[in-house]
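Just so you know, these numbers come straight off a predicted model, no measurement behind them. Values below: all heavy atoms of this structure, side chains included; hydrogens, waters and symmetry mates excluded.
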Protein chains: 2
Amino acid sequence: MPVGFNADEMKKIDEVVEKRRRIKQGELLFSNGETFTSLYAIRTGFFKTCVTSADGREQVTGFQMAGEIIGMDGIVSDHHNCNAVALEDAEVCVMPFANVEDLSRELPSLQRHVHKIMSREIVRENGVMMLLGNMRAEERLAAFLLNLVQRLHARGLSQSELVLRMTREEIGSYLGLKLETVSRAFSKFSEDGIIEVKQRYVKIIAPEALKKIFNPQTCF
Amino acid sequence: MPVGFNADEMKKIDEVVEKRRRIKQGELLFSNGETFTSLYAIRTGFFKTCVTSADGREQVTGFQMAGEIIGMDGIVSDHHNCNAVALEDAEVCVMPFANVEDLSRELPSLQRHVHKIMSREIVRENGVMMLLGNMRAEERLAAFLLNLVQRLHARGLSQSELVLRMTREEIGSYLGLKLETVSRAFSKFSEDGIIEVKQRYVKIIAPEALKKIFNPQTCF
DNA sequence: ATTCTCATTTGACTTGTATCAAAGATTTTT
DNA sequence: AAAAATCTTTGATACAAGTCAAATGAGAAT
């Protein structure tokens, strides 16, 4: 939970948390169809959420890291509408949604916070729709890398180096590309001296070049 | 506002509405960057929401019809993050979000309702991501048509006939396709006897065939 | 009515990404 | 440490959708 709460509020918000739960790499935090009871605040670790079509095609809908809230897809139907898989060993705070709603009625600042988290997710997905609908492969990967380092940097990590927690296939699924296309785009960026890649390790050498690829109009 | 409220609650919910507002075809209900103050309940008419990339590419993120709520993208940053354009003359109820939050704290049923509306939008966008990331042109158009008639049918209209409120280009933008591709897919469906098309008018002759295209795994 | 504008359809051709395939690299298992 | 499994890279080729272009159709303006 970020700033904007006083000590008294923080104490109450702490009590929303029912317990902590550890999830091993590869295991599900929740799965499609499962009854919805709680939101989860990620303490440590890294998740992907994905939906599956009736014929088995998988679409990664997001990657979530420490400090982010996961599970809001379940509110509308009281059942989860996606799978949440730990990409590394993780720990989450289980926040029964009934507790969240009860306390939200008492604390306007928490109520506003919950609304913002959901709105942020809507806006993020709008951005992904733009990527998927209008951008070419290299633009998608540039946007993806910039978004990742930005979020990691906000958590005190480097803004130029990162270790990917997901496979090329998972990146591709998120970006609407095949893993080979993702790999080729990585190689291209590397050849052009924009990034340094070694497997999951990525170092961003020329962030402006990445931004320019993501945002071609800035080229004049 | 749908069912699930008693008379007393309905009366209070009515008072959330500040006023009504008419929007002419082609005009903006709100636009990207504008200060966020209110959610809007569509009484009549049809809207599209769209985001624009820095270099001017437009992505339609949704089509909204009577009975739906629009504007939740603005909560996170106090500014709207997309444009909402009326595709036909429309009327909306302006619901200042401060009023919504105040009353939500008083009425748990309204609070839950607001949460569900936002969660529904998140889940809808997950589905669009699946369309954009994994489906081919005809699958996307089939899904689009089925979704439209289903929503129109829920409003008491025909489940087989509809008049499109948007151009081929807008459909294409929503589905991540060019207008020519949309047109070709319409023609293909028409040749195959699945639908009857005449400009904006569409009649669904074989809904099962559409469902089969959207959902190829059901073919055994 | 006639003209003008905008939306739609259709054809011909191009292109970006997918597919198929094989070789390396890395990690896990035994 | 060797073997197995998984992930990644790279090349060759195929294909779905994009682009360009022209004709047609519908609605709005004069």
Side-chain angles (χ1 to χ4, degrees), chain A residues 24-27 46 48 55 57-60 85 87-89 131-145 162-192 195-202 213 216, chain B residues 24-26 46 48 57-60 85 87-89 131-145 162-192 195-202 213 216:
Chain A
K24 286 214 179 303
Q25 183 171 16
E27 288 182 356
F46 205 93
K48 70 170 177 182
D55 60 328
R57 283 177 281 188
E58 181 175 297
Q59 173 71 37
V60 172
V85 182
L87 296 179
E88 59 183 6
D89 291 356
L131 274 191
L132 294 173
N134 275 299
M135 306 282 210
R136 289 177 318 103
E138 288 176 21
E139 298 178 276
R140 297 185 202 188
L141 186 62
F144 173 74
L145 290 173
L162 69 157
V163 176
L164 299 169
R165 250 72 229 210
M166 68 295 279
T167 67
R168 300 287 188 263
E169 186 167 19
E170 286 162 337
I171 296 171
S173 173
Y174 183 58
L175 298 177
L177 302 168
K178 293 296 164 184
L179 68 96
E180 295 95 328
T181 305
V182 174
S183 177
R184 281 183 237 271
F186 270 119
S187 300
K188 178 68 164 37
F189 288 169
S190 182
E191 280 163 34
D192 293 350
I195 63 173
E196 213 178 285
V197 202
K198 178 135 196 206
Q199 298 286 127
R200 304 279 176 103
Y201 168 84
V202 178
I213 288 167
Chain B
K24 286 215 177 305
Q25 184 172 18
F46 204 92
K48 70 169 176 180
R57 282 177 281 189
E58 179 175 297
Q59 173 71 36
V60 172
V85 182
L87 296 180
E88 58 182 7
D89 290 357
L131 274 192
L132 293 174
N134 274 299
M135 307 281 211
R136 288 177 320 101
E138 288 176 23
E139 297 178 276
R140 297 184 202 188
L141 186 62
F144 172 74
L145 290 174
L162 69 157
V163 176
L164 299 170
R165 251 71 229 213
M166 68 296 280
T167 66
R168 301 286 188 264
E169 186 168 19
E170 286 162 337
I171 297 172
S173 173
Y174 183 58
L175 298 178
L177 302 169
K178 293 295 163 185
L179 68 97
E180 295 94 330
T181 305
V182 174
S183 177
R184 280 182 236 273
F186 269 119
S187 299
K188 177 67 163 39
F189 288 168
S190 182
E191 279 163 33
D192 294 351
I195 63 173
E196 214 177 286
V197 203
K198 179 138 195 202
Q199 297 285 126
R200 303 279 177 103
Y201 167 84
V202 178
I213 288 166

Legend entry - Between D:dG18 (P) and B:Arg136 (CZ): distance, integer Å: 13 Å
Inset, instruction - Would you mind classifying the nucleic acid contact of A:Leu179 as base, sugar-phosphate or nothing, using non-hydrogen atoms under 4.0 angstrom? - result: base
Legend entry - Spacing of CG belonging to B:Leu162 relative to OH belonging to B:Tyr201, to within rounding of 0.5 Å: 9.0 Å
Legend entry - Listed nucleotide nearest any side-chain atom of A:Thr167, set D:dC7, C:dT8, C:dA18: D:dC7
Inset, instruction - Describe the nucleic acid contact of B:Gly176 in one word from base, sugar-phosphate, nothing, applying a heavy-atom distance below 4.0 Å. - result: sugar-phosphate
Legend entry - Spacing between A:Arg200 atom CZ and C:dT27 atom C1', to the nearest angstrom: 10 Å
Inset, instruction - With rounding to the nearest 0.5 Å, note down the distance linking CG in B:Leu132 to CD in A:Gln59. - result: 8.0 Å
Legend entry - Closest-nucleotide ordering on DNA chain C, the 5'-leading residue of A:Lys198 and A:Arg184: A:Arg184
Inset, instruction - Measure the distance from CD on B:Glu169 to P on C:dT8 and round it to the nearest whole Å. - result: 9 Å
Legend entry - Integer-rounded Å distance: C:dT9 P and B:Lys188 NZ: 16 Å
Legend entry - Atom-to-atom span, CZ of B:Phe186 to C1' of D:dG25 - whole angstrom: 17 Å
Legend entry - Separation of C:dA25 P from A:Arg168 CZ (nearest whole Å): 15 Å
Inset, instruction - Ignoring backbone atoms, establish whether B:Ser183 has a side-chain N or O less than 4.0 Å from OP1 or OP2 of C:dT8. - result: no
Legend entry - Nearest-0.5 Å distance that lies between atom CD in B:Glu169 and atom CG in B:Leu179: 5.5 Å
Inset, instruction - May I have the distance from B:Glu180 (atom CD) to C:dA12 (atom C1'), rounded to whole angstrom? - result: 13 Å
Legend entry - Any B:Ser187 side-chain N or O less than 4.0 Å from OP1/OP2 of C:dT10: yes
Inset, instruction - I would like to know whether B:Lys48 and B:Glu170 meet side-chain contact (heavy atoms from CB on, under 4.5 Å); could you show each step before the answer? - result: CA-CA 9 Å; B:Lys48 70 169 176 180; B:Glu170 286 162 337; 3.0 Å; yes
Legend entry - Whole angstrom value for the distance that separates P of D:dA16 from CG of B:Leu175: 18 Å
Legend entry - Identified side-chain contact (heavy atoms from CB on, under 4.5 Å) counterpart of B:Arg168 within the set B:Val182, B:Thr181, B:Leu177: B:Val182
